[in-house]
Structure formats: structure tokens, C-alpha cells
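Every chain is numbered from 1 and lettered A, B, ... according to where its sequence line falls, protein lines coming before strand lines. Since the model is a prediction, treat every value here as computed from it, not as a measurement.
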Amino acid sequence: MAMFQTLPGFREFYPDDLARRNYLFRLWRQTAAAYGFAEYDAPVLEPLDLYKAKSGDEIEAQLFSFTDKGGREVALRPEMTPTVCRLVGAKANALKRPIKWFSIGEFYRYERMQKGRGRCFFQLNADIFGEPGPEAETELIGLLVQCLCAFGLTEQDFYVRLSDRNLWFYYLAALGLDEPRTRGVLGAVDRYEKYGDDAFKGYTEQFGALDEALKAKVLAFLQIKSLPALEAVLSPLGNDRISARLADWRKLLGNLDAMGLSRFIEVDLGVVRGLAYYTGFVFEAFDRKGELRAIAGGGRYDDLVGKLGNVDLPAVGFAIGDMTFALLLEQRGLTPSLVQAPDVYCVIGGEAERKAAFGAIQALRAAGFRVDYPLKDVAFGKQFKAAAEAGARLALIFGSDELAKGIVRVRDMNDRSERDVALGEIVAAVRDSL
RNA sequence: GCGGCCAUAGCUCAGUUGGUUAGAGCACAUGAUUGUGAUUCAUGGGGUCGCGGGUUCGAAUCCCGUUGGCCGCCCCA
């Protein structure tokens with residue numbers, strides 16, 4: 001047994017694992033770039049207060065935090081949002097709008113491990129700053145959907161639930177609830193899907209039982225699954241800000257429809273997301289089978305940059321975690337096998353031939369081809385086997401007979417055909433054959 | 001933080017009522033095969049049975065503790 005184990009919840013990436021991870025990151029990067037997002041990065045270790053400021057003391061229990069040698073209270077980052085708010089806030093006046101940024105980074109949370117959750121994980125974070133209107137949500141939801149579709153997932157595999165905390169606030173205000181009670185009701189709404197009527201226990205303890213007629217309206221509202229149903233409930237109220245908000249909804253859904261993404265989107269007012277800092281549209285991606293935890297989540301947080309970056313700036317963002325996402329790809333058989341195959345494997349007759357082979361190997365590698373060869377003398381049969389197992393497309397045979405004639409035999413490992421090439425033309429010959 | 005199940009080779013696992021030197025398949029390595037990828041066969045390396053303690057003449061096996069894993073609850077930024 002190993003004398004040292006990895007810390008609980010931490011992960012090691014052997015070459016095959018890392019190849020899969022890199023594949024994830026590569027497609028995410030390409031997709032984010034295609035949508036016009038610029039990549040940034042920032043420290044893994046941050047002042048503890050950065051997270052307290054955003055989320056309160058309670059969050060500290062789930063933080064990897066400690067005191068550094070300079071006596072500073074620090075924490076490994078559990079998420080990107082506070083950091084990116086600080087970054088943007090610090091240069092807000094110098095940055096071209098809209099600010100469309102993304103990053104891929106590792107995050108740490110001191111939590112109990114579970115399926116799809118460890119103590120370290122990677123996330124793609126994408127955010128737009130400086131755009132208050134639903135055009136920003138259009139871009140982000142579009143990007144989110146494509147970040148999943150890029151791997152071959154379809155509307156059969158996942159969907160995005162779209163909701164709106166503003167509409168909840170406006171609606172509950174119109175029903176006569178004050179802000180604390182509104183937050184209490186939203187807490188119940190967040191839990192309703194899981195606990196049913198028990199979700200209102202917390203509210204009842206704090207404020208007393210919710211009026212039955214009011215509760216019926218809340219329950220009806222959280223079950224709304226379409227824009228027309230939403231309009232039917234809200235339009236009669238004749239409330240200006242609600243009307244304006246419905247216009248935002250029409251714009252967002254219209255935009256997404258024009259992008260051909262309607263089949264991924266489900267209006268679902270039952271989603272409010274627990275985070276107190278979300279201020280508008282919120283959205284979450286789930287697998288259709290409902291077997292996994294959320295694949296991605298995001299929403300608008302217009303007040304956070306002001307709080308953490310000292311400049312008022314509207315913002316929307318989302319994050320996709322790598323663990324649940326990898327489980328989904330696995331379930332759907334979409335995890336590719338990514339063997340790092342060489343282009344060329346050199347079969348070398350013996351020590352004398354090796355010298356000649358090195359020249360060609362060096363030239364091929366300098367030209368950018370992936371070239372491998374046995375480090376020590378091995379029987380010919382073994383070398384061909386090794387070439388086949390490595391997945392090489394070509395085998396170059398550096399035998400004594402060939403080298404005596406100044407040539408190398410090029411074997412195509414797929415169709416087993418062979419041809420001779422002058423030693424000096426090896427690079428061109430390989431280029432032609434691949 | 002709470003609860004359930006689990007821990008034997010790199011992987012998947014077997015291991016009798018507690019009883020010789022703890023096994024198999026896969027994987028890996030070598031050879032049969034000194035110029036061509038398969039199959040097959042042979043051989044080999046690799047385990048203080050997660051760790052610590054206890055019971056016993058004797059523990060992978062029974063008991064206690066501990067660490068780690070899986071699953072669920074809380075939480076999920």
C-alpha cells in the first residue's frame with residue numbers, strides 16, 4: 001500500500017484522465033472563444049474576507065482556509081464570482097463594453113464527498129458585465145447550451161430551466177409582502193420541489209403561517225411553465241415594472257428562439273436558486289433523466305460588482321462544473337477514448353542502424369510530427385507490435401538492407417502497404433503519407 | 001456535522017466452522033519468434049490482506065479503535 005494517500009476529495013490525473021480533462025477544456029475554450037469571450041485567470045488563494053463579504057460567515061465552514069505565515073486569513077477559492085467582480089471593478093472604466101470574459105479554473109470546497117462532488121473540481125465560468133438588458137442573458141444561455149452541445153449532447157440529454165427572481169419580487173410585492181417575507185417565500189419556493197408543503201415550515205416559524213389565499217397564488221406561480229401562463233397571471237395586475245419585465249422575458253425567449261435554442265429552454269418559475277445575490281433571470285441546466293445534480297447554473301447579479309469591486313456594474317454569469325458534466329458524458333457514451341498516438345513509430349534494426357535513425361527522428365520531430373521509437377534494441381516483431389499498440393499511423397523501418405541502399409521503408413500501419421523512400425526525403429514522404 | 005455499507009496484487013474479485021508458504025482473471029514484463037502487427041503457450045515480477053490494538057496455540061477471517069472509499073441527509077456559491 002502506498003505510504004501516502006491523496007487528501008480526501010482530491011483527484012489525481014493519470015495521462016488518460018488528463019487527456020479527457022484536456023478534451024473538456026479544449027472544447028469549452030473553443031466554444032467560449034467562438035462566442036467572443038476573452039479568457040482570464042486569477043489567484044487560487046484569496047483573502048478570506050472576499051468570500052465573507054459576499055456570502056456571510058456561514059460559508060466559512062465549507063472553505064479551505066488558514067492563516068498564512070504573514071498572519072493573513074486566506075482561503076483557497078471556492079468559486080470565481082467574487083474574484084472576477086474584483087478584477088472587473090478595478091478596471092471597469094478602462095474596459096470596453098460589453099465585458100465578456102471566461103475562465104477555466106480549479107476550485108476547492110471543504111465538503112463531504114458525493115457523487116459528482118469532490119473537494120476540488122474545475123469550472124468553466126463565463127460572465128458578461130456592463131449589459132443590464134436580456135441581451136446578456138441571450139449570449140450566456142446560448143454559450144451554455146453550446147458548451148454542452150459541443151460534446152454531442154442534444155435536447156434529448158439536457159435542458160435549461162429559466163426563471164426570474166425579479167418577477168418573484170415584483171409579484172410578491174404586488175401581493176403585499178414586504179422584503180423579508182418575500183425572501184422567506186423564495187426560500188420555500190426553492191425547496192418546494194423536494195419537500196412539498198414542508199418547504200414552508202421555515203417561513204411559518206419566522207413569520208407565522210402564510211395566508212391560504214396567498215399561498216395558493218404562490219403555489220400556482222411556482223408551477224408556471226410557459227410565458228403565456230406567466231402573462232395570464234401578471235398582465236391583469238396592470239403593474240408597470242411587471243409589464244416591463246414581461247417585455248424582457250419576451251425579448252429573451254424571442255432571441256433564444258431565433259438562435260434555434262427553444263428546444264433546450266423550459267420556463268420554470270420553481271427555480272429561484274438559493275443564492276441571495278441573484279437579482280434577475282436565473283437558469284440551471286439539468287440532465288433530462290433527472291439522475292444527476294445540476295450540470296450548470298447561473299444568473300444575474302447586478303449588485304455584486306458594486307459590493308466587491310466598488311463600481312456599480314450589471315452582471316450575468318454561469319458556471320459548469322467538470323464532475324457532473326463528465327458523469328453525464330459517461331452515461332451517454334460520449335466520452336471519447338483519447339489515446340495519444342504517435343504519427344510515426346521507428347523500427348530500428350540494431351545499434352548501427354540506430355545512428356542513422358536518430359537523424360531522421362530528429363528531423364521529423366523538428367517538423368512537428370509525433371515520433372516514437374524503442375529506446376533499446378528489441379526484436380523486429382516486438383517493434384511492429386509496439387507500433388500497432390501505440391496506434392502509430394506509419395512505421396519507418398531502419399534496417400541494414402535499406403540503409404545500405406540509402407533508403408527507409410515506410411509502412412502504412414492501416415493497410416499494411418510498404419514503399420521505399422530515400423533517407424533524405426523522409427520528412428516530405430511522411431508529410432505526404434499522413 | 002449526522003447515518004448506512006465497504007476496504008485482499010495496478011484493476012475486477014475469490015478466500016471454507018479461525019488452521020501449512022493468501023489465490024484467479026485481466027494488465028505488465030520476458031521467452032517460444034535474430035526482418036513484419038494475430039492467436040496460443042511457457043515463465044516472471046508484484047500483496048507485511050488500509051492502519052493500530054485486542055482475543056487466540058494460531059487472525060485476511062472474530063472484537064474495538066482509526067484512516068480512507070461509496071451512498072444518503074445537511075449544504076451546494
Whole Å only: how far is the [atom1] atom of [X] from the [atom2] atom of [N]?
{"X": "A/Lys115", "N": "B/rG72", "atom1": "NZ", "atom2": "P", "answer": "7 Å"}
{"X": "A/Arg416", "N": "B/rU36", "atom1": "CZ", "atom2": "C1'", "answer": "9 Å"}
{"X": "A/Glu353", "N": "B/rU36", "atom1": "CD", "atom2": "P", "answer": "15 Å"}
{"X": "A/Arg112", "N": "B/rU67", "atom1": "CZ", "atom2": "P", "answer": "11 Å"}
{"X": "A/Phe380", "N": "B/rG31", "atom1": "CZ", "atom2": "C1'", "answer": "19 Å"}
{"X": "A/Glu389", "N": "B/rA38", "atom1": "CD", "atom2": "C1'", "answer": "11 Å"}
{"X": "A/Asp16", "N": "B/rA27", "atom1": "CG", "atom2": "C1'", "answer": "13 Å"}
{"X": "A/Ile348", "N": "B/rG35", "atom1": "CD1", "atom2": "P", "answer": "14 Å"}

What does [X] touch in the nucleic acid at a heavy-atom separation under 4.0 angstrom: a base, only the sugar-phosphate, or nothing?
{"X": "A/Gln383", "result": "nothing"}
{"X": "A/Gly9", "result": "sugar-phosphate"}
{"X": "A/Arg409", "result": "base"}
{"X": "A/Glu402", "result": "base"}
{"X": "A/Pro78", "result": "base"}
{"X": "A/Met413", "result": "base"}

Nearest to the side chain of [X] - [options]?
{"X": "A/Gln114", "options": "B/rC73, B/rG35, B/rG69", "result": "B/rC73"}
{"X": "A/Pro8", "options": "B/rG35, B/rG1, B/rG68", "result": "B/rG68"}
{"X": "A/Glu111", "options": "B/rG37, B/rC75, B/rG31", "result": "B/rC75"}
{"X": "A/Lys194", "options": "B/rG35, B/rC76, B/rG37", "result": "B/rC76"}

For [X] and [Y], I'd like to know if the aromatic rings sit close, meaning centre-to-centre distance below 6.0 Å.
{"X": "A/Tyr171", "Y": "A/Phe221", "value": "yes"}
{"X": "A/Tyr373", "Y": "A/Phe358", "value": "yes"}
{"X": "A/Phe102", "Y": "A/Tyr40", "value": "no"}

With no angle test and no hydrogens, is the base of [N] tied to the side chain of [X] by a donor-acceptor pair under 3.5 Å?
{"X": "A/Arg117", "N": "B/rC75", "value": "yes"}
{"X": "A/Arg411", "N": "B/rU36", "value": "yes"}
{"X": "A/Arg293", "N": "B/rC76", "value": "yes"}
{"X": "A/Gln62", "N": "B/rG1", "value": "no"}
{"X": "A/Glu418", "N": "B/rU36", "value": "yes"}

Euclidean distance for [atom1], [N] against [M] (whole angstrom):
{"N": "B/rC41", "M": "B/rA24", "atom1": "P", "result": "15 Å"}
{"N": "B/rC71", "M": "B/rC13", "atom1": "P", "result": "15 Å"}
{"N": "B/rC51", "M": "B/rA14", "atom1": "C1'", "result": "24 Å"}
{"N": "B/rU17", "M": "B/rG10", "atom1": "C1'", "result": "34 Å"}
{"N": "B/rA38", "M": "B/rG31", "atom1": "P", "result": "15 Å"}
{"N": "B/rU55", "M": "B/rC64", "atom1": "P", "result": "15 Å"}

Between A/Arg300 and A/Glu137, does any NZ, NE, NH1 or NH2 come within less than 4.0 Å of an OD or OE carboxylate oxygen?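 Salt bridge: yes.
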
Give a yes or no on whether a salt bridge exists between A/Glu418 and A/Arg411, defined as a side-chain N under 4.0 angstrom from a carboxylate O. yes

Dot-bracket summary - RNA chain B, pairs being Watson-Crick or G-U whose distances fall under 3.5 Å, with | when paired to another strand: (((((((..((((.....[...)))).(((((.......))))).....(((((..]....))))))))))))....

Just say parallel, tilted or perpendicular for the rings of A/Phe384 and A/Phe380, cut-offs at 30° and 60°.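 Judged by the thresholds at 30° and 60°, the geometry between A/Phe384 and A/Phe380 is tilted.
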
With a 4.0 Å limit, can you tell me whether A/Arg119 has a side-chain N or O closer than that to the phosphate oxygens OP1/OP2 of B/rG68? no

Scan side-chain atoms only and decide if A/Tyr192 and A/Asp198 contain a donor-acceptor pair under the 3.5 Å cut-off. no

From A/Trp168 atom CH2 to A/Leu222 atom CG, the distance as rounded to the nearest 0.5 Å: 5.0 Å

Using the ring pair (Phe, Tyr, Trp, His ring centres under 6.0 Å) definition, which of the options A/Phe151, A/Phe325, A/Phe264 pairs with A/Phe158? A/Phe264

